[in-house]
Amino acid sequence: MKIRRSLAATIIAIFLVFNVFSILLFTYYTKAEGETSALDYAKQSMQEIVNEKGELIAIRFDRLRTSVDILAMLLEEEIRRERDMPGALEAYSFNADGSIKRKMDSSKPPDAQSNILAVWNEENRDALAREILLTEKIDEPMGIVLRNEKVTWGYIVTGNNLLRVSPYISLDTYFDDSHRQNEDVFYTMADPEHNPAAAAVITKPYNDYLGEGWTITCSKPIYDGQNEMFGVVCLDVSLKKLREEFFDGFSLGETGKIFWLDQEGSLFYHSDYDNLSDVQGEMYDKNIFDLPLSQEERSAIRRAINGQSGTALFGRPHSQQILVYTRIEELDSSLMIQMDMNEFMSAEQFNLEKLMLLVVMDVLLAAIFAYILYWSFSKPMRKLVKRAERISRGDYEVMNEESGTYYEIAQLNDAFNAMNRSIETYTETLLDKNREVSTILESIDTTLMIVDMEGNVGARTRSSAGVSEDRVKAALRRMQETRAPFGEQFVQDGEVYKNEYYPILQGNDEVKKVVICSKCVTDSMLMEKEVQQLEKMAGVGQLSAAIVHELKNILARIKGAAYILSMTGGRQEDREEIGIISRAMEEAQNVITTLLDFSSKSGDDGDVASVGTVINQILLLSKKELITKNVNVELHLDDHCYIRGGGKEALKVILQNTILNAIQAVDYDGRIAITCRGQGDHVTIRIKDNGGGIQVEPKERVFEPFLSTKEDGTGIGLWITKRLVGTLSGSIEIAGGGDGETEFVITIPRARESREDAEDKGSAGG
């Protein structure tokens with residue numbers, strides 16, 4: 001056997017080359033794709049996490065600044081409009097050592113009252129009494145902030161070293177007499193020297209004096225009428241609670257770490273460093289660049305600090321690190337997540353030893369396959385070729401193969417001998433198949449006909465009202481002229497039919513016969529129109545959702561402004577105007593809710609559908625046209641107008657079609673009367689307009705498809721309406737009216753079977 005011309009040898013060579021190449025390609029692709037997918041996944045998922053956490057932190061501290069600004073503004077108002085302060089301090093107790101504290105009111109919760117720490121002496125007596133009474137006036141606003149914001153402590157420190165803390169806590173166990181609160185970091189950062197703009201400032205983390213651990217404080221300076229600093233208002237946020245809220249809720253793997261830095265690299269938070277000290281007031285003084293970092297890691301962190309949002313990759317021995325970061329503008333800081341890329345890579349990596357083992361195994365399998373192929377394929381095929389040559393010369397002598405391995409020639413010879421005997425069997429099988437095809441055609445819900453050019457029917461599956469003698473003759477004449485397939489759609493006896501005609505051509509391109517396919521498409525057209533209506537409602541829902549999204553932001557800002565104005569008090573006239581703003585916002589929200597409710601699709605067949613609600617929603621959607629035409633709509637809706645058992649979507653289409661027809665029919669200053677009454681187990685809806693009446697006789701013809709009295713009408717709306725009323729087991733009629741009036745009367749059963757009940761009954765009956 002010549003190897004170069006052997007099919008077996010060619011198959012072996014192709015098998016070997018293909019498998020080795022496939023192994024190499026698969027190895028390379030798996031490794032490259034795994035690394036690329038892991039990197040892309042890491043970048044995307046970690047960037048989403050760090051962006052989300054950064055936005056939440058920014059929102060938290062923006063709300064904190066807003067709250068402390070409001071509290072400072074309220075206290076400054078009290079200071080500047082102060083006249084003669086009353087001197088009653090009955091709620092406070094004076095100790096022998098000169099310290100003062102507030103008596104706790106057991107009838108109030110701790111967050112509704114505050115405690116103070118101060119030292120009383122003759123020099124500061126009057127000033128301290130004034131500060132105590134002034135700061136007490138914002139206990140209530142401070143309590144509101146504590147209840148609405150996740151704040152650990154709210155407190156005020158004055159220039160006379162008065163400390164007022166909310167919620168109520170015993171302060172003398174945490175401070176000694178020598179402690180000066182007005183020298184702590186939250187006070188000094190807000191003084192004129194460090195904060196000339198008098199803005200709210202955020203401290204670096206420090207160990208809380210009241211035992212809450214590492215804390216960040218938002219401080220706002222308070223100035224009196226002479227522009228002298230009175231003190232500071234402060235709100236504390238526990239770093240432990242920030243960590244539990246923002247950083248402990250997701251997994252960082254074994255190598256992941258999260259840290260929050262300012263623009264100099266000082267740490268607000270680092271997952272590797274926590275509870276570093278128990279000393280009160282000690283600052284969390286740690287810089288990321290003081291830690292043992294590689295040069296590449298330092299460069300990546302510096303790029304992240306100076307950037308806005310993104311990722312950075314840098315190498316370490318035996319691993320590659322990914323750093324994902326985002327900037328928190330409100331705090332002039334950056335949030336970062338760092339992980340080892342090996343956590344995203346597949347644990348099973350191809351290496352050279354595994355690759356060579358696969359290649360050797362592939363070669364060994366190829367050798368075994370070649371041996372088997374030669375003995376089981378090549379040698380028998382050579383004998384089969386010789387037998388085929390004998391058969392081609394007309395030698396049909398039966399060949400008796402030796403008993404043993406090779407019997408292919410005997411099987412092939414038996415196949416040739418059996419071929420003639422099989423022809424008759426195959427013919428009968430073809431006839432059976434023809435009968436089967438005829439039976440299948442009969443089962444198709446479509447009329448199929450074959451007619452010759454004289455109109456004689458050669459074959460037909462079933463009769464159809466859509467195939468009349470006149471239509472067949474007209475189709476044959478057109479087919480004789482065009483010799484091309486065509487179709488038509490028409491209405492016959494209240495149903496819509498679609499006919500298609502296909503020519504059967506002879507060798508000279510003359511039409512020999514015509515195949516006619518006719519089908520009633522009434523139900524499919526109705527379904528198509530219903531789908532279009534539902535898509536239209538979905539479009540309204542999407543538009544309404546977009547409007548809601550935009551309006552909610554605007555309403556939220558108005559509501560926030562109204563809330564701040566209401567907290568600041570003011571004149572009675574101002575409070576009335578604020579009330580008007582709040583009621584207007586509620587009305588806007590009600591309108592939006594109505595639009596969303598109408599455009600949303602009901603899901604449960606057991607829902608109760610309120611007819612009055614649907615009518616009011618349609619009138620709201622049509623308000624522009626009603627106002628333009630100055631249409632007077634009279635509504636008489638019974639509270640008992642509802643249907644059960646589904647059908648809400650059909651009810652929407654029915655009422656929308658009839659009400660819109662009435663609106664389009666009336667002229668300027670027109671009148672529409674809509675009445676809904678619950679009568680026994682039925683609901684009756686009447687829609688009357690004075691639009692000139694229906695100019696069709698008899699009037700019931702308006703329910704026929706494609707019949708329209710409007711120039712741009714399709715004639716489908718009322719036809720669909722009548723069919724949908726039928727699906728609800730109801731009826732629709734046109735009542736007589738005078739003076740150009742038209743009245744549609746729709747009657748629908750109040751309760752219908754749910755779809756599940758109907759299917760159960762159908763199954764039981766079967």
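- Atom CG in Leu162 sits 10.0 Å away from atom CG in Leu134 (nearest 0.5 Å).
- Atom CG of Leu261 sits about 7.0 Å away from atom OG of Ser334, to the nearest 0.5 Å.
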Show me, pair by pair, the donor-acceptor contacts under 3.5 angstrom made by side chains of residues 231-238, not counting sequence neighbours?
from   : atom 1 : to     : atom 2 : distance (Å)
Asp236 : OD1    : Tyr155 : OH     : 2.9
Asp236 : OD1    : Thr217 : OG1    : 2.6
Asp236 : OD2    : Tyr155 : OH     : 3.4
Ser238 : OG     : Lys240 : N      : 3.3
Ser238 : OG     : Lys241 : N      : 3.4

Exercise. ring-ring contact (aromatic ring centres under 6.0 Å, His included) between Tyr209 and Phe175: does it pass, once the steps are laid out?
Worked result: CA-CA 8 Å; Tyr209 291 95; Phe175 298 98; 5.8 Å; yes

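- For Ile59, the side-chain contact (heavy atoms from CB on, under 4.5 Å) test picks out Arg63, with sequence neighbours left out.
- Annotation: Trp120 is in aromatic contact with Phe94 [ring centroid separation under 6.0 Å].
- Proximity of the aromatic rings of Tyr223 and Phe230 is defined here by a centroid distance below 6.0 angstrom, and this criterion is not met.
- Counted by atom type alone, Arg102 and Ser114 present one or more donor-acceptor pairs between their side chains at under 3.5 Å.
- Glu297 and Gln338 are linked by a side-chain donor-acceptor pair at a separation below 3.5 angstrom, with hydrogens and angles left out of the test.
- Shown here are the side-chain contact (heavy atoms from CB on, under 4.5 Å) partners of Ala300, two or more places apart in sequence or in another chain: Arg303, Ala312, Phe314, Leu323.
- The six-membered or imidazole ring of His179 lies away from that of Tyr174, with a centre-to-centre distance of 6.0 Å or more.
- Relative orientation of the Phe247 and Trp260 rings is perpendicular, given thresholds of 30° and 60° on the angle between their planes.
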